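Here is the structure we will look at.
The structure displayed is predicted, hence computed values, not measured ones.
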Amino acid sequence: MITRRTTWRRRESALDLYALVCGVFLLSAPWLFGFVRPLGRLDAELVGAAVIVLSVTAIFVFADWEEWLKVALGLWLIAAPWILGFAHTAAMHVSIGVGLPVIFLALLELWVVHDPDYATHAS
C-alpha cells in the first residue's frame, strides 16, 4: 500500500532532512577526503545524489517505497567497498559511516509512520 501525505504537516519529515544531510555529505565526501579509487568516488557521488533525490521527494510527497529504496542504498553503501574493491580506504569508512544512518533513518521513519501509537500521541 502506498501512503501519500502532505509532508509540510508531517513531523516525520525531519528524518528526511537528516537523510538529505547524509546524502549531501556523501556527495561531497570525495572532495573532502580525497578519495583515490575512482569507483569509490563514483559510488559516493551516485549514491549521494540518489539519497538526496529520494529525501527531497519524500519531504514533499511521502511514499513507503522511497524509504525502502533508501534502505537498499544504505545496504549497498555498506557492501560496496568489498564489491567494488575500495576496502580499507577512506571511501570505505565514509561509505559505511553514511550507510548505517541512512538505513536507520529510513527504517525509523517507516516505523513511526506506521505505528498506531505514535499517531495518537503525536497529535
Side-chain angles (χ1 to χ4, degrees):
M1 179 170 122
I2 296 177
T3 307
R4 295 191 188 274
R5 298 180 186 174
T6 307
T7 58
W8 54 272
R9 290 188 169 175
R10 287 182 48 242
R11 293 179 183 175
E12 301 86 12
S13 292
L15 298 171
D16 290 313
L17 287 175
Y18 297 140
L20 177 65
V21 170
C22 289
V24 170
F25 176 75
L26 186 60
L27 186 64
S28 61
W31 293 281
L32 292 172
F33 299 104
F35 290 179
V36 179
R37 304 276 174 98
L39 285 177
R41 175 182 292 273
L42 182 63
D43 184 56
E45 291 168 348
L46 291 178
V47 177
V51 170
I52 290 169
V53 168
L54 287 171
S55 298
V56 169
T57 304
I59 289 170
F60 292 107
V61 181
F62 176 80
D64 286 352
W65 63 267
E66 296 161 341
E67 301 308 315
W68 286 113
L69 275 178
K70 284 193 266 187
V71 169
L73 288 173
L75 290 171
W76 168 255
L77 285 171
I78 293 169
W82 291 275
I83 294 171
L84 298 178
F86 59 90
H88 309 293
T89 64
M92 178 192 80
H93 298 291
V94 170
S95 186
I96 294 170
V98 172
L100 290 172
V102 166
I103 292 169
F104 173 75
L105 291 167
L107 290 175
L108 180 62
E109 185 164 3
L110 284 168
W111 177 62
V112 166
V113 166
H114 293 290
D115 181 26
D117 292 332
Y118 177 79
T120 57
H121 291 76
S123 299

Completion exercise
Connected to Val21, directly or through other members, by ILVMFWY side-chain contacts below 4.5 Å are none

Exercise for the section: Kindly compute the distance separating CG (Leu73) from CH2 (Trp68), expressed to the nearest 0.5 Å. Expected result: 13.5 Å

Under 3.5 Å donor-acceptor pairs involving side-chain atoms of residues 37-48, not counting sequence neighbours:
unit_1	atom_1	unit_2	atom_2	d
Arg37	NH1	Gly85	O	2.6
Arg41	NH2	Phe35	O	3.4
Asp43	OD1	Trp76	NE1	2.6

Completion exercise
Interatomic distance, CD@Glu66 vs OG@Ser55, rounded to 0.5 Å, equals 9.0 Å

Throw together a table of side-chain donor-acceptor distances under 3.5 angstrom for residues 86-105, partners on residues two or more places apart or in other chains.
unit_1	atom_1	unit_2	atom_2	d
Thr89	OG1	Phe86	O	2.6
Thr89	OG1	Ala91	N	3.3
Thr89	OG1	Met92	N	3.4
Ser95	OG	Leu77	O	2.5

Handout entry: From OG1 (Thr57) to CG (Leu20), nearest 0.5 Å
Key = 10.5 Å

Exercise for the section: Could you name each residue pair satisfying salt bridge (charged side-chain N to carboxylate O under 4.0 Å, His left out) that touches residues 70-87, not counting sequence neighbours? Expected result: Asp16-Lys70, Glu67-Lys70

Exercise for the section: Sort and list the pairs that fulfil side-chain hydrogen bond (donor to acceptor under 3.5 Å, both in side chains) and have at least one residue in residues 21-34, not counting sequence neighbours. Expected result: none

Practice task
Check the hydrophobic clustering (I, L, V, M, F, W, Y; side-chain heavy atoms under 4.5 Å; chains of links allowed) and say if Leu17 and Phe60 are grouped together.
Solution key: yes

